[in-house]
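First the structure, in the form of structure tokens, and then the observations on it.
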Amino acid sequence: MPELPEVETVRRGLADLIVGKKVEDVSNDNPKSFPNPDEDVKQFLVGATITGVRRRAKVLMIDLSTAYSLMAHLKMTGQLVFVAPGKDRFGAGHPNDSLVGELPDKSTRVVITFNDNSHLYFNDQRKFGWVRLMPTEEIKNTPFMQKVGPEPLEDSFLPGNLVERLSRKKKSNIKAALLDQTVVAGIGNIYADEALWGAKIHPKRLVGSLTKQELTNLYTEIRAVLNLSIQKGGSTNKNYVNAEGKRGSYMDFARVFRREGQSCSRCQSEIQKIRVAGRGTHVCPHCQVL
DNA sequence: CACTTGACCTGTCCGC
DNA sequence: TGCGGACAGGTCAAGT
């Protein structure tokens, strides 16, 4: 999915675009993408005003005036795209920014119509993602929110927190540990590879073998990579777009992800693609030794 | 309990 | 061109 930087970019876009709008109509034809019964949608979403947009880990929460929230998880291919009535969402002069054509399209799972005739589309090619309504106060009690790890970009997240969180995963490889949302929230396949390259740690290294210095470097790299990506509007590999349907540019700055066959910017060795924790994984065999 | 693997879906790309 | 298989940014459940 969309990892932390992508979800945060969508959150910021939606906060600017839909807060204050009133929901007039909702349509969804895929129960898996939006499991709440129609009566809940009518009672708690239709007629509600958007009061805010929050993010925790890779989950978006669109808060409503009804004390309910519309939660969204984009998983691998989800998109939340806002379209204003009559606006050119392709962006004049930047035709390549956009990945989405006319909406709705065949990947559209949910359409929310606001009372000014603007629309919010939830598109999801692979149907892994979902939106669902829940009382705002209950979100923090869900199993996921109870066990998810700390937000890595919060000021309160310190190197010691990473060390402490990793301490119960000593026999796991570091890549799998970084992908585990109960260790730290929001890291996925792209930023795990990028941060490990930055810290010069091989993804197959066991957590228990990492030195304090390596863990400190990893902490620094995680924050640097996530912050840079937010600054670049996230990574568009295939499907990801922001709330205006536009791509992010982090992939232009990626050091290893999807750069197999190219030379490492630090040592000129050829970047390799291997398999770790069941995921395609990118490493510099010279900078990151096992 | 810690850790790994398969399943959930659709689409695309690559080799035969 | 067609077809089968592997793979794709995430997370669970079920397995060892």
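In what follows, chains carry the letters A, B, and so on, assigned in the order in which the sequence lines appear, proteins first and then strands, with residues in each chain numbered from 1.
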Original post:
To the nearest Å, how far apart are A:Arg132 CZ and C:dC12 P?
Top reply: 10 Å
Subject >> Atom-to-atom span, CD of A:Glu260 to P of B:dC14 - whole angstrom >> reply: 12 Å
**OP:** Can you figure out which of B:dC8, C:dG9, B:dT4 approaches the side chain of A:Lys32 most closely?
**Re:** B:dC8
Subject >> Verdict with supporting geometry, A:Thr9 and A:Asn242, side-chain hydrogen bond (donor to acceptor under 3.5 Å, both in side chains) >> reply: CA-CA 6 Å; A:Thr9 301; A:Asn242 69 13; over 6 Å; no
Subject >> C:dG10 OP1/OP2 closer than 4.0 Å to side-chain N/O of A:Arg279 >> reply: yes
Original post:
How many Å lie between CD on A:Glu3 and P on C:dA8, as a whole number?
Top reply: 13 Å
Original post:
Which base, if any, makes a Watson-Crick or G-U wobble pair with C:dA13, both distances under 3.5 Å?
Top reply: B:dT5
**OP:** In plain terms, say whether A:Glu3 and A:Lys58 are close enough for a salt bridge, that is, a side-chain N and a carboxylate O under 4.0 Å apart.
**Re:** no
Subject >> Same-atom distance (P) from B:dC14 to C:dG9, integer angstrom >> reply: 16 Å
**OP:** Quickly work out the A:Leu74 CG to C:dG10 C1' distance and round it to whole Å.
**Re:** 11 Å
Original post:
Nearest of B:dC9, C:dG9, B:dC3 to any side-chain atom of A:Arg126?
Top reply: B:dC9
Original post:
In a check of side chain to side chain contact (heavy atoms under 4.5 Å, CB included) between A:Tyr121 and each of A:Asp105, A:Val110, A:Leu103, A:Ile112, which one passes?
Top reply: A:Leu103
**OP:** Pick base, sugar-phosphate or nothing for A:Tyr191, based on heavy-atom distances below 4.0 Å to the nucleic acid.
**Re:** nothing
**OP:** Using a heavy-atom cut-off of under 4.0 Å over every strand shown, decide if A:Asn189 touches base, sugar-phosphate, or nothing.
**Re:** sugar-phosphate
**OP:** Quickly work out the A:Leu178 CG to C:dG9 C1' distance and round it to whole Å.
**Re:** 15 Å
**OP:** Taking only the side-chain nitrogens and oxygens of A:Gln181, find out if one of them lies under 4.0 Å from OP1 or OP2 of C:dG10.
**Re:** no
**OP:** Verify whether one side chain among A:Ser235 and A:Asn237 offers a donor that lies under 3.5 Å from an acceptor in the other.
**Re:** no
**OP:** In whole angstrom, give the distance that lies between atom CG of A:Asp124 and atom C1' of B:dT10.
**Re:** 10 Å
Original post:
With a 4.0 Å cut-off on heavy atoms, is A:Asn239 in touch with a base, just the backbone sugar-phosphate, or nothing at all?
Top reply: base
**OP:** For the pair A:Asn36 (side chain) and A:Asp40 (backbone), establish whether a donor and an acceptor sit closer than 3.5 Å, ignoring hydrogens and angles.
**Re:** no
Subject >> Polar side chain donor-acceptor pair, A:Glu6 to A:Tyr250, under 3.5 angstrom >> reply: no
**OP:** Verify whether one side chain among A:Thr51 and A:Asp63 offers a donor that lies under 3.5 Å from an acceptor in the other.
**Re:** no
Original post:
What nucleic acid atoms does A:Ser107 come within less than 4.0 Å of, heavy atoms only: base, sugar-phosphate, or nothing?
Top reply: nothing
Original post:
Does a nitrogen or oxygen in the side chain of A:Arg275 sit under 4.0 Å from OP1 or OP2 of C:dA8?
Top reply: yes
Original post:
Below 4.0 angstrom from OP1 or OP2 of C:dA8, is there any side-chain N or O of A:Lys273?
Top reply: yes
Original post:
Using a cut-off of 4.0 Å on non-hydrogen atoms, how would the nucleic acid contact of A:Gly129 be classed: base, sugar-phosphate, or nothing?
Top reply: nothing
Original post:
In terms of side-chain heavy atoms of A:Gln125, which of B:dT10, C:dG10, C:dG9 is nearest?
Top reply: B:dT10
**OP:** Kindly point out which of B:dC3, C:dC7, C:dG10 is positioned nearest to the side chain of A:Lys169?
**Re:** B:dC3
**OP:** On DNA chain C, check which nucleotide each of A:Leu179 and A:Gly280 is closest to and give me the residue with the more 5' one.
**Re:** A:Gly280
Original post:
Counting side-chain heavy atoms from C-beta on, which of B:dT10, C:dC12, C:dG10 comes nearest to A:Phe128?
Top reply: C:dG10
Original post:
In whole Å, what is the span from the CG atom of A:Asp180 to the P atom of C:dT11?
Top reply: 10 Å
Original post:
Heavy atoms under 4.0 Å, any strand shown: does A:Gly188 hit a base, just sugar-phosphate, or nothing?
Top reply: sugar-phosphate
Original post:
C:dG4 pairs with which nucleotide, Watson-Crick or G-U wobble, both distances below 3.5 Å?
Top reply: B:dC14
Subject >> C1' spacing across the pair C:dA6 / B:dG6, given as an integer number of angstrom >> reply: 15 Å
Original post:
Which listed nucleotide (B:dT4, B:dC3, C:dC7) is nearest to the side chain of A:Lys171?
Top reply: B:dC3
Original post:
Under 4.0 Å: is that the gap between some side-chain N or O of A:His73 and OP1 or OP2 of C:dT11?
Top reply: yes
Subject >> Of the listed nucleotides B:dT4, C:dG9, B:dA2, the one nearest the side chain of A:Arg168 >> reply: B:dA2
**OP:** Please work out if A:Lys127 contacts a base, only the sugar-phosphate, or nothing of the nucleic acid, heavy-atom cut-off 4.0 Å.
**Re:** sugar-phosphate
Subject >> Side chains of A:Asn217 and A:Glu221, donor plus acceptor under 3.5 Å >> reply: no
Original post:
Between C:dA14 and B:dC9, how far is it from one P atom to the other, in whole Å?
Top reply: 15 Å
**OP:** Starting from C1' on B:dC3, measure out to CD1 on A:Ile174 and report it in whole angstrom.
**Re:** 14 Å
**OP:** Map A:Lys238 and A:Lys170 onto DNA chain B by nearest heavy atom, then report which one ends up closer to the 5' terminus.
**Re:** A:Lys170
